[in-house]
Structure formats: C-alpha cells, structure tokens
Amino acid sequence: MKIKRFIILFSIILIISLSINMASAANLVDDSNELNERIIENINQNSDSSSNVLIKTTDNQDSKILNLELDEIDEEPSIESILKSSNAENKHLRDFEIKTANSENNYLKDSEPISSENEDDSSYDSINKSFIINPDNLTSYFDDKGVLKAEYSGSILVFEGNFEEKGILTIDKNKTRITGINSTFHNTVFSLTGSEIILANLEFVLDKSFPNNHNAGLYIGWDNITVYNITMNYTSPTDVNAIGIYSEDNVGLNLINNTINFIGHADYEGYNYGIMLNYCYDAYVYGNSITADLPLREVDWGYGIYGGVWMDKVSAFAAGECDNLIFTDNKVYSTINHGVYATTRYPTLSSVLIYACNNATISNNDIKIDDFNTQKGEINYLYGLDLYRLDDVRIVNNTIEIFTIGGGTRMGTAYPIQVTGPANNIKIAYNNIKSFSFGPNIGIYSENYYGSTKLDIISNFINITGKAGTDFWSLVAGIEVQDSDDK
C-alpha cells in the first residue's frame, strides 16, 4: 500500500511539473509570435499598398519562412516581384525572403545580447534571429567604432526610438537585415559594406557633413544590397561635400521606394548630390521620390568629356560608369537656391546626370526643374536629363519639364534632354517634353564636339518656349541633332 501511495504521489507531482513547463513554453512561443507579428505588421504598414513585403504565416513551433507571392514584372512592380527574379537577363533583381525563428530565443527585446563567452562558439548561430535595438542598448550590438559585432552577423536588427548623434553605424556582416519601428536617426548615418544586406523603413534627419562616411548619409560599398522605403531629410552645411545616398564599386544594387529630400549649399565649394552611383553595375532604381534644392555650379571641363560624373558638382541623381542601369518610375524634382551669374560664367544644373552608363534604361520617370531663383536677364544652364559618352541606351515614356525666366540672347539653356557624344544607339521614344525660358531652348539636343551621336528619335511630344534670334546660338527648336546618322 505504501508503494502504491508513493507511485500515485510521484505521478501527481510529475503531471503538475509537466503542466508548468508546458505553460511556460506556451508563453514563450506566444511572446515570440507577438513580436514576430509586430515586426511584420510594421513593415507592411510602411510599404506601399501595392507591395506586401511580408506575409504572415500561421503560428507553430516549427521554423517558418515568409514566402513572398510575386506579381508579374510588366505590371506595377511590388517589392517582392522586383527582388525575387534572378534570371540572367535581369541581374538587378534579387531574391528576397525573411525567415522567422523556431525557438523562444529568436526574438529578444530590451535584453542583454546573447554572448558566446560561456558557451561553445560552434553552437551559437545568430542567423535569422531578431534583436530590437534602442538608444540605451546600442553599444551592446555595436563596438566602440560603431561596427556591428560579429555575433549578430546575418540577423534581423529592429531599431526603435530616436538615435541622436550616434555617428556612423557600420554593417559589414553579410545577409544582415535592418528595419525600424518608430525610429529616427538624427545625424546618425549608416555604412553598408557587407553583401546581401537589406535596409528598410528607416527615417533620417541630417544637417551635418560626414567626411568619414564618404560624405554620405547612407554609404553603400558592396554587392547585392537593397535599400527600401527609407526617408532621408538632409540639409547640408555650406560649401562642403554632401551626398544623400552614395553607392560605389558594386553589383546588384536595389534602391526602391525611397524618399530623399536634399537641400544642398555647395554654393562655391564642394559637391552636392541627392543620390550618386559610381561604378554600380546592374543597379535597379525604382519608385523613388527625389526632391533636391541645389545651387547652380559651373561644370569642370578640365579633362574635357573624360572628367567623369564628378565633373558636374551638383545633381539630384547622378550615375557614372553604371552599365545595365535601370532607372524607372522615379519622381525627380529640382529647384534652385543659389547661383553666380555673369556673362562669363556658366551656372549649371543637370537634374538627372547619366555618364558612361552603357545599356541603360531610363523609363517612366517624372523629371522636373523649377528655377525661381534666377531672375529675368540672368543666365542659367538647366538640363532635365543629361547624358554623356554612352552606348545602347533607351529613354522611353518619361515626362520632363523645365521652367525658368532666366536666359538671354544666345545665352542660357533649358534643355529637357541633352546627349553629348560619343554616343551610339540611343533610342529616345514616347517622351513628353516641355520647357519654358527666356533664352535659347531645345527639347532634344545632341552634341558631337567630342564624338558622333547616333540617335533614334521616335514619337515624342515636345512643347518648347524660348527666345530666338539671328545669332548662330539663338535657336529655339523641338529637336537639334548634329549627325546624319540620326533618325
């Protein structure tokens, strides 16, 4: 009888113990699922209504992958369709999937980061685990130089709160993903130097120069990086180098649905660009809104046509040596805040500058310049889409408009499209072009001083107003081409 009572008592204790453990495990799973849903809901809310970045899965204790349903590329692209395709003809499109975790340790909020100090390093794996970072625990994840610690390589970093004057945060770990929940970065900038990084849903407010970050609010220095749905409001100091987003020497960049509001004050010295791409192959720039308030600056012709994209000191969007660039469905609006005017000066703005980008596609963009700073009788040189030294380029279905009361007899320009040779197999078709100035004005202009141009100009709508005269340079025309091979 004693043995039976002992067995019964032991069974009751065991059942109670198991019940407590199961309840504890359930709570942990519920907490993990709650945070998982919170992250997904936030990213979806910050995405365009046409773009379901993440799709919730049903809750279970197994590892879950958020599979992305794709739209066809020929429809209005969603973030998923843009990033998913990886066929050889569209190298700019990248796979995009986010994995959720399979244990209670996958989502950690306001807790100490996991350390392998007392564990076997081989058993620790941060890949696809999520960590919420706030201003108080930032140094737990980044070292004293602002570099992401190795144990968070490949993880999902969720920033919460206001990060003020935190300097440069460097992400050099591959496949790391960064997003934000109610976060703002005041004079806190990022350097992305690992491959396959995704940065999304962050807001920047900047009013300093960042010479140690390649003069950029966001620097991109490696392959297959995606920047999605960020907002950057950048007012640069006077006469310094300042760039909103600067990307160089990489393959497979994706800039998608970002908003860049850039005010530049490089009135006499320095460079100002809303976005600058340099040697970025297979870059895909889609659905961005770029607003740039810039000074007019003279172009540096010290090396002739071979001075590179930097020969223009100001631009809303500039790309140099970026073969296979696709620049589509973007809105680029430029205004003028300063200019040095004289008959011997050439104060210039090229709003969208494309230099030596072979096999580029520029389509479905809305490009506009309004110059209310230049007064009547003052001379300015404005170019909506300015192209140099390139082959096999398609310029299709864009709307390009320029308005200024600047210009004078034989002086000034307000050209929606300019092509400077050598340039071969340039197709300009189905664009809506409009310009108004008080100087010489041409809708589509090609220049062959440095080399011949071969253009196909097809079915464009052109509306040009300017001041014509008897002088050789005082031409107002819809189209001026300088080579007999043009069609």
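Between I336 and L349, some side-chain heavy-atom pair lies under the 4.5 Å cut-off. In this structure the side chain of N373 never reaches within 4.5 angstrom of the side chain of N337, judged on heavy atoms. Side-chain contact check for L202 versus S183: some heavy-atom pair is nearer than 4.5 Å. Between T291 and I263, every side-chain heavy-atom pair lies at or beyond the 4.5 Å cut-off. Side-chain contact between F262 and L294 is present, with at least one heavy-atom pair separated by less than 4.5 Å.
Here P237 pairs with V240 under the side-chain contact (heavy atoms from CB on, under 4.5 Å) rule; sequence neighbours left out. Contacts of T176 classified as side-chain hydrogen bond (donor to acceptor under 3.5 Å, both in side chains), with partners at least two apart in sequence or in another chain: none. In this view, H214 and Y219, Y246, E248 satisfy the side-chain contact (heavy atoms from CB on, under 4.5 Å) rule, not counting sequence neighbours. Under the side-chain hydrogen bond (donor to acceptor under 3.5 Å, both in side chains) criterion, S334 pairs with S351, not counting sequence neighbours. With sequence neighbours left out, the side-chain hydrogen bond (donor to acceptor under 3.5 Å, both in side chains) criterion links D371 to T374, N380. In this structure, D249 has no side-chain contact (heavy atoms from CB on, under 4.5 Å) partners at least two apart in sequence or on a different chain.
Put simply, the side chain of R297 gets close to the backbone of G270: a donor and an acceptor are under 3.5 Å apart. N258 contributes a side-chain N or O that, together with a main-chain N or O of I230, makes up a donor-acceptor pair within less than 3.5 Å. Between the side chain of K149 and the main chain of S140, a donor-acceptor pair closer than 3.5 Å is present. Checking side-chain atoms of D143 against main-chain N and O of K145 turns up a donor-acceptor pair under 3.5 Å. When atom types are taken as modelled, the side chain of N330 and the backbone of V285 share a donor-acceptor pair closer than 3.5 angstrom.
Around OH of Y279, the count of heavy atoms belonging to other residues, nucleotides or ligands within 6.0 Å does not exceed 12. The environment of Y430 atom OH is sparse: at most 12 non-hydrogen atoms of other residues, nucleotides or ligands sit within 6.0 angstrom. The neighbour count for K434 NZ, taken as heavy atoms of other residues, nucleotides or ligands under 6.0 Å away, does not exceed 12. The 12-atom threshold is exceeded at CD of E298, counting heavy atoms of other residues, nucleotides or ligands nearer than 6.0 Å.
Residues F204 and H186 keep their aromatic ring centres 6.0 Å or farther apart. Checked against the 6.0 Å centroid threshold, F159 and F190 count as a close aromatic pair. Ring centroids of F317 and Y273 are separated by 6.0 Å or more, keeping the two rings apart.
Closest approach of N241 and S209 over heavy atoms only: O-CB, 4.1 Å. Between N272 and P295, the shortest heavy-atom contact is OD1-CD, 4.1 Å. I245 and I243 make their closest contact through O-CG2, 3.4 Å (heavy atoms, listed as atom of the first residue, atom of the second, distance). Across all their heavy atoms, G194 and I225 have their closest contact at O-CD1, 3.3 Å. The minimum heavy-atom distance between G320 and V309, with the atom names listed, is CA-CB, 3.8 Å. Closest approach of E321 and R389 over heavy atoms only: OE2-NH1, 4.1 Å.
Taking CD1 from I362 and CZ from R394, the interatomic distance works out to 9.0 Å, rounded to the nearest 0.5 Å. From D386, atom CG reaches atom OG1 of T420 across 6.0 Å, with rounding to the nearest 0.5 Å. Atom CG in L206 sits 9.0 Å away from atom OG1 in T235 (nearest 0.5 Å). How far CG of L390 is from SG of C322: 11.5 Å, rounded to the nearest 0.5 Å. Rounding to the nearest 0.5 Å places CG of D293 at 10.0 Å from OG of S236. Note that OG1 of T179 and CD of E160 are 10.5 Å apart. Values are rounded to the nearest 0.5 Å.
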Checking Y388 against Q418 for the side-chain contact (heavy atoms from CB on, under 4.5 Å) test, could you report, in this order, the C-alpha distance in whole Å, the side-chain angles of both residues, the deciding distance, and whether it holds? CA-CA 8 Å; Y388 294 82; Q418 174 176 261; 3.7 Å; yes
Full working for side-chain contact (heavy atoms from CB on, under 4.5 Å) between D312 and Y355: CA-CA 10 Å; D312 278 59; Y355 181 94; over 6 Å; no
Before you tell me yes or no, could you show the steps for L325 and D282 under side-chain contact (heavy atoms from CB on, under 4.5 Å), namely the whole-Å CA-CA distance, both residues' side-chain angles and the distance that decides it to 0.1 Å? CA-CA 5 Å; L325 168 70; D282 305 327; over 6 Å; no
Does N233 form a side-chain hydrogen bond (donor to acceptor under 3.5 Å, both in side chains) with N261? I'd like the steps, not just the answer. CA-CA 5 Å; N233 298 302; N261 301 311; 2.8 Å; yes
Chi angles and distances behind the side-chain hydrogen bond (donor to acceptor under 3.5 Å, both in side chains) call for N365, N398: CA-CA 5 Å; N365 301 289; N398 301 281; 3.0 Å; yes
Would you check, one step at a time, whether the test side-chain hydrogen bond (donor to acceptor under 3.5 Å, both in side chains) holds for N424 with D391? CA-CA 5 Å; N424 180 60; D391 297 327; 4.6 Å; no
I would like to know whether Y286 and N288 meet side-chain hydrogen bond (donor to acceptor under 3.5 Å, both in side chains); could you show each step before the answer? CA-CA 6 Å; Y286 165 80; N288 302 281; over 6 Å; no
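Residues D392 and N425 have side chains that bring a donor and an acceptor to within less than 3.5 angstrom of each other. Between the side chains of D323 and N359, no donor-acceptor pair is found at a separation under 3.5 Å. Looking only at atom types and distance, the side chain of N187 has a donor-acceptor partner in the side chain of D207 under 3.5 Å away. Checked by atom type, the side-chain pair N460/N431 shows a donor-acceptor distance below 3.5 Å. Between the side chains of N174 and S195, at least one donor N or O lies within less than 3.5 Å of an accepting N or O. No side-chain donor from either of D172 and T193 sits under 3.5 Å from a side-chain acceptor of the other.
The residue from N162, T184, T188 that alone fulfils the side-chain contact (heavy atoms from CB on, under 4.5 Å) condition with V205 is T184. Put simply, the residue from P416, S315, S350 that forms a side-chain contact (heavy atoms from CB on, under 4.5 Å) with Y383 is S350. The only option from V332, V419, I444, I395 that meets the side-chain contact (heavy atoms from CB on, under 4.5 Å) definition with L385 turns out to be I395.
A perpendicular orientation is assigned to the rings of W310 and Y271, their planes being inclined by more than 60° (bins at 30° and 60°).
A salt bridge links K208 with E165: the closest approach of a Lys/Arg side-chain nitrogen to an acidic carboxylate oxygen falls below 4.0 angstrom.
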